[in-house]
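No hydrogens, no waters, no symmetry mates; every other heavy atom, side chains included, goes into these values.
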Amino acid sequence: MAYREQGVPADRARFSIIIPHSFLSSRLSGIPGLKASLLEEFGVRLLTYDLPGFGESDPYPYRNLESSASDMLFLANALGVSDKFWVVGYSTGSVHAWAALRYIPDRLAGAAMFAPMVNPYDSLMNRGERYGIWEKWTRKRKFMYFLARRFPKFLSYFYRQSFLSGKHGQIDQWLALTLGRRDRALIEDPIYEEFWQRDVEESIRQGNAKPFVEEAVLQVSNWGFSLADLKLQKKQRGKGILNLIKFFLSGSEEEYTGFLGPIHIWQGMDDKVVPPSMTDFVHRVLPSAAVHKLPYEGHFTYLYFCDECHRQIFTTLFGTPQGPLPVNNTIEVEQTPLDDIQVQEDASTQDDFKTD
C-alpha cells in the first residue's frame, strides 16, 4: 500500500485525517492546494493512500468495501495513529468513507464529505431523488453505469480508448461529465491542468484497466450495507415485561446504533457531477448529518485550490486553531548503582544532622 504523509509529525498531531481518493486519482490528490502552513496551524496530520491497483499500491482482485475499510484501519495502525481519526470522502472516494463509517466506527472521530457519491441504484431512493440525479448526467455516463452493473468486462475497452490510451485529455471528456460554468473555468486553469495530469499519470501508473473496472463495479453493486445502517437511533430493547424489568434493574443508559460521531457534508448547488439531489437523499436517510449547501459552487470549485475554503473546512471540523501538540521534553534518567549509593550517603548525612 503506497501512501503519502503531510502536515505535523505523528507525536505532535492534534488531529489525524485519512483520505481515500476518488476514481482516476491517487494518493497525490489529497485536498488539492492545501497549504502546509494551515496543517501546522491546526496541528493536523494528513494521510492519503493509493487504492488497490492504483498508483503504486498492489492490486487486490477480491476487494470489497469491507476490505477497503480494513485497509484504512491497517494504514492508521501501521503509521502510529493511536487516537481516533477523521475520514474525508470526496466524490466517488466517499464510497470508501461510507464503508469506514460502517465497518470501523470505533476508530473514527468523524467524517467530512464533499459532493459524496452513493450508489445511484440505491433502493432507498424515491422517484424524485432518482430523477434529480439521473437527469443531470450525459447519456454516455448513464451507459457506463449500466455496463458497470450488467456487463463490467466491456468497461476495459472504453477505458483503453480514453485515460489508458496514453493521450492527454480533460476529465469531463474522459469520464463523460457535465460541468457547470465555474467548474469549466477551473479545469481550464493551468494550475489545475498541471495537477490533473500529474495525478492521472500516477493513478494509471500500472497501465491495468482491471482496478478501474473493480472500482466502477463497487460503486453500483450491493455494498453489503445500507446508508440507513449509519443512522443514529436508539437501540430497540427486547419486548416483554422481563426485558423491561432487566433494563430498569441494570441501571443501563440508553444504547444507540449507527455512527455516533459527527458527519459534515459540503454540497455545491451547481454540481452536475454529483447533483444536490444525491445529498438530499443522504440527508433524508441520515438526518443528523450537517449539510453545508454552497450556492454557485460546482463539483471542484470549493475543494480545489481555495485557501479560504480550506480554512472554513478546518474551522468547522476542529474549531479554533491551537497548533501542534507541544514537544515532550521530559528526559528519563536511569538510576545507576552509584546513584543509589550517593542517595544513601546523603540520607545518612541528613540523619546525622538531625540527630545532632
Side-chain angles (χ1 to χ4, degrees), residues 6 15-23 25 29-35 38-39 41-42 44 46 48 85-101 108-120 129 132-133 136 171 177-187 192 195 219 227 230-232 259 261-321:
Q6 296 173 269
F15 307 101
S16 297
I17 297 175
I18 295 182
I19 306 180
H21 63 76
S22 57
F23 190 85
S25 187
S29 57
I31 299 177
L34 180 64
K35 290 186 175 179
L38 191 67
L39 291 169
E41 184 179 348
F42 280 84
V44 173
L46 179 65
T48 56
F85 59 88
W86 285 79
V87 61
V88 170
Y90 165 63
S91 191
T92 54
S94 300
V95 173
H96 303 283
W98 293 127
L101 267 63
L108 300 183
M113 304 289 201
F114 300 88
M117 186 73 180
V118 300
N119 188 336
E129 291 163 345
I133 294 168
K136 298 288 186 183
I171 186 172
L177 304 180
T178 305
L179 298 181
R181 180 178 58 84
R182 294 187 65 180
D183 273 340
R184 171 67 57 191
L186 176 66
I187 70 168
Y192 175 86
F195 160 80
Q219 294 174 21
L227 285 182
L230 307 178
K231 183 179 179 180
L232 181 61
F259 182 67
I263 301 174
H264 289 271
I265 301 175
W266 282 265
Q267 176 65 52
M269 300 310 290
D270 194 35
D271 190 338
K272 294 177 171 57
V273 180
V274 177
S277 295
M278 193 164 275
T279 289
D280 291 341
F281 160 67
V282 173
H283 197 211
R284 178 173 64 82
V285 178
L286 301 175
S288 62
V291 176
H292 310 273
K293 295 185 177 182
L294 309 170
Y296 314 113
E297 299 286 0
H299 190 65
F300 304 102
T301 51
Y302 188 73
L303 189 65
Y304 282 55
F305 304 102
C306 179
D307 295 343
E308 181 183 350
C309 307
H310 297 161
R311 179 172 291 278
Q312 289 175 355
I313 292 164
F314 276 26
T315 301
T316 300
L317 299 180
F318 309 131
T320 304

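Shown here for G30 and T48, the closest heavy-atom pair between the two residues is CA-CG2, 3.6 Å. Minimum interatomic distance between G89 and A97 (heavy atoms only, all atoms of both residues): CA-CB, 3.9 Å. Heavy-atom minimum distance, A112 versus W86: N-CE3, 4.5 Å. Across all non-hydrogen atoms, the minimal contact from D270 to G180 is OD2-CA, 3.8 Å. Residue P276 comes nearest to G268 through the heavy atom pair CG-O, 3.8 Å, listed as atom of the first residue, atom of the second, then distance. Scanning all heavy atoms of the two residues, the minimum distance from D280 to K293 falls at OD1-NZ, 4.0 Å.
For the pair K136 and T178, the minimum side-chain heavy-atom distance is 4.5 Å or more. Between I313 and L303 there is a side-chain heavy-atom pair separated by less than 4.5 Å. Taking 4.5 Å as the limit, every side-chain heavy atom of P120 sits out of range of all side-chain heavy atoms of Q219. Counting only heavy atoms from C-beta outward, the side chains of Y192 and P32 never approach each other to under 4.5 Å. Side-chain contact between F114 and I31 is absent, with no heavy atoms from C-beta onward closer than 4.5 Å. Residues V118 and S94 fail the side-chain proximity criterion, which asks for heavy atoms closer than 4.5 Å.
Note that CZ of F281 is 7.5 Å distant from CD1 of I133, once rounded to the nearest 0.5 Å. Taken to the nearest 0.5 Å, the CG atom of L38 stands 8.0 Å off from the OG1 atom of T315. Rounded to the nearest 0.5 Å, atoms NE2 (H292) and CD (Q312) are 10.5 Å apart. To the nearest 0.5 angstrom, T279 atom OG1 is 13.0 Å from R284 atom CZ. Note that the CG atom of L46 and the CG atom of L34 stand 6.5 Å from one another [nearest 0.5 Å]. Atom CG of D183 and atom CG of L177 lie 9.5 Å apart (nearest 0.5 Å).
In summary, the aromatic rings of F305 and F195 are positioned with their centroids under 6.0 Å apart.
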Could you go through the side chain to side chain contact (heavy atoms under 4.5 Å, CB included) check for F259 and L232 one step at a time?
CA-CA 6 Å; F259 182 67; L232 181 61; over 6 Å; no
Criterion side chain to side chain contact (heavy atoms under 4.5 Å, CB included) on T316 and W266, from CA distance to verdict
CA-CA 11 Å; T316 300; W266 282 265; 3.9 Å; yes
Taking it one step at a time, do T301 and Y296 satisfy side chain to side chain contact (heavy atoms under 4.5 Å, CB included)?
CA-CA 9 Å; T301 51; Y296 314 113; over 6 Å; no
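Judged as a ring pair (Phe, Tyr, Trp, His ring centres under 6.0 Å), and not counting sequence neighbours, H283 has no contacts. Taking Y90 as the reference, H299, Y304 meet the ring pair (Phe, Tyr, Trp, His ring centres under 6.0 Å) condition, with sequence neighbours excluded. Every residue two or more places apart in sequence or in another chain that forms a ring pair (Phe, Tyr, Trp, His ring centres under 6.0 Å) with H21 is listed here: F54.
For K272, the NZ atom sits in a packed shell: over 12 heavy atoms of surrounding residues, nucleotides or ligands are nearer than 6.0 Å.
Side-chain atoms of H264 do not come within 3.5 Å of backbone N or O of A289 as any donor-acceptor pair. Judged by distance alone, with hydrogens and angles left aside, the side-chain atoms of T92 form a donor-acceptor pair with the main-chain N or O of F23 at under 3.5 Å.
Screening M269, Q267, R182 for a side-chain contact (heavy atoms from CB on, under 4.5 Å) with E297, the sole residue that qualifies is R182.
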